Number of protein chains: 2
Amino acid sequence: MKLARDEVPLGTFEEQVMLAVLRTASDAYGMTVRREIEDVTGREIAVGAVYATLDRLEAKELVASKRSTIDGVSRRLFSITAAGGRALAETRSMRERLWQGIDLRRLLGAAG
Amino acid sequence: MKLARDEVPLGTFEEQVMLAVLRTASDAYGMTVRREIEDVTGREIAVGAVYATLDRLEAKELVASKRSTIDGVSRRLFSITAAGGRALAETRSMRERLWQGIDLRRLLGAAG
DNA sequence: GCCATCACTCTACATTGTAGAATATAATCA
DNA sequence: TGATTATATTCTACAATGTAGAGTGATGGC
């Protein structure tokens, strides 16, 4: 039971959330992150899913948050930490090595 | 509680397992799939993790298996189904859209 | 028969993914 | 002013996925 949190790639949704934070840049808070994922992936996301994941990512220090009030509306703005950036990079390169050499077209063509 | 199993992208490990099945091609069974993931990603994988995931993928009909005896040794050979291929493709394109426009280099450089 | 190998199954539990109701705060307006 | 609407977040509960390690069964050599 070692749980080397390092080396373990990000979960699918964790990665989506982190990427959405990056994409919404300085305006990354719960609602915009959710909308961004919905827009880009085309599937519906529950609010709770976003915040729960954001909380867990923050606990692992892969994202950071700070309160910010704009136009009288209080928001929790998120950003990616250095460790978060590394986790994203590792997750991606690990996956790229696995996809290496796989012919997606043939995969779909073969069995339809 | 609709659970549209479609549209939901594959989990990180599910994807790794499916890719390893493709990579080991006609020799894809528990042990080789495990070894393949370990070799390519560089991290240790428990046998149980592989089989549990393979079983769940089979239940969702994303992979199929059949018994085969070679040199007196019985093995459960796995292959990717058509639906499995589509799931892989969808998972990948969904992710690619999210990564679109993100500068990994800058991401790592900025905060190190 | 006993031991070592190889492949797989089972059990149990931790982490991640998800839904939806509840709460909080400010803006609007009859 | 207090009901109403809109926005943002928190909370609760549970399902699905990820993981470890012990257990089982078959085979082959000694």
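The structure presented is a predicted model; accordingly, all values stated were derived computationally and were not measured. Numbered from 1 within each chain, the chains take letters A, B, ... in sequence-line order.
Rounded to a whole Å, the CD1 atom of B:Ile37 is 12 Å from the P atom of D:dA20. Between the P atom of D:dA16 and the CG atom of B:Leu62 lies a distance of 14 Å, rounded to the nearest Å. When the C1' atom of C:dT16 is taken as reference, atom CG of B:Leu10 falls 15 Å away, rounded to whole Å. A:Ile70 places its CD1 atom 18 Å from the P atom of C:dT25, with the value rounded to the nearest Å. As rounded to whole Å, 15 Å separates atom P of C:dT16 from atom CZ of B:Arg56. One atom, CD of A:Glu44, and another, C1' of C:dG17, lie 16 Å apart when rounded to the nearest Å. The CD atom of B:Glu15 sits 17 Å away from the C1' atom of D:dA16 (whole-angstrom rounding). Spacing between atom CD1 of A:Ile45 and atom C1' of C:dT16 amounts to 14 Å, rounded to whole angstrom units.
Side-chain atoms of B:Glu36 and B:Thr24 form no donor-acceptor pair, as typed in the model, at a separation below 3.5 Å.
In this structure, CD on B:Glu38 lies 9.5 Å from CZ on B:Arg43, to the nearest 0.5 angstrom. Note: A:Glu14 CD to A:Leu88 CG = 10.0 Å, rounded to the nearest 0.5 Å.
An end-to-end axis angle of 10° holds for the helix from C:dG1-D:dC30 to C:dA30-D:dT1, taken from five base pairs per end and rounded to 10°.
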* Classify every nucleotide of nucleotides 5-10 of chain C by which part a protein heavy atom approaches to under 4.0 Å, writing B for the base, S for the sugar-phosphate alone and - for neither, in 5'-to-3' order. => --SBBB
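Using modelled atom types, no side-chain atom of A:Ser68 and backbone atom of A:Leu77 make a donor-acceptor pair closer than 3.5 Å. Proximity of a side-chain donor or acceptor of A:Arg23 to a complementary backbone N or O of B:Gln100 within less than 3.5 Å is detected. A side-chain donor-acceptor contact under 3.5 Å links B:Thr12 to the backbone of A:Leu10. The main-chain N or O of B:Ile70 is never found under 3.5 Å from a side-chain atom of B:Arg75 such that the two would form a donor-acceptor pair. Proximity of a side-chain donor or acceptor of B:Glu61 to a complementary backbone N or O of B:Ala83 within less than 3.5 Å is not detected.
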* To do: Output, in order, the C-alpha distance, side-chain angles, deciding distance and verdict of salt bridge (charged side-chain N to carboxylate O under 4.0 Å, His left out) for A:Asp55 and A:Arg76.
  => CA-CA 11 Å; A:Asp55 286 345; A:Arg76 197 171 149 213; 2.9 Å; yes
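Taking every side-chain heavy atom of A:Lys60 into account, C:dT16 is the closest of C:dT18, D:dG18, C:dT16.
Residue-level contact check: B:Arg43 touches the backbone only, with heavy atoms under 4.0 Å from sugar-phosphate atoms and none from bases.
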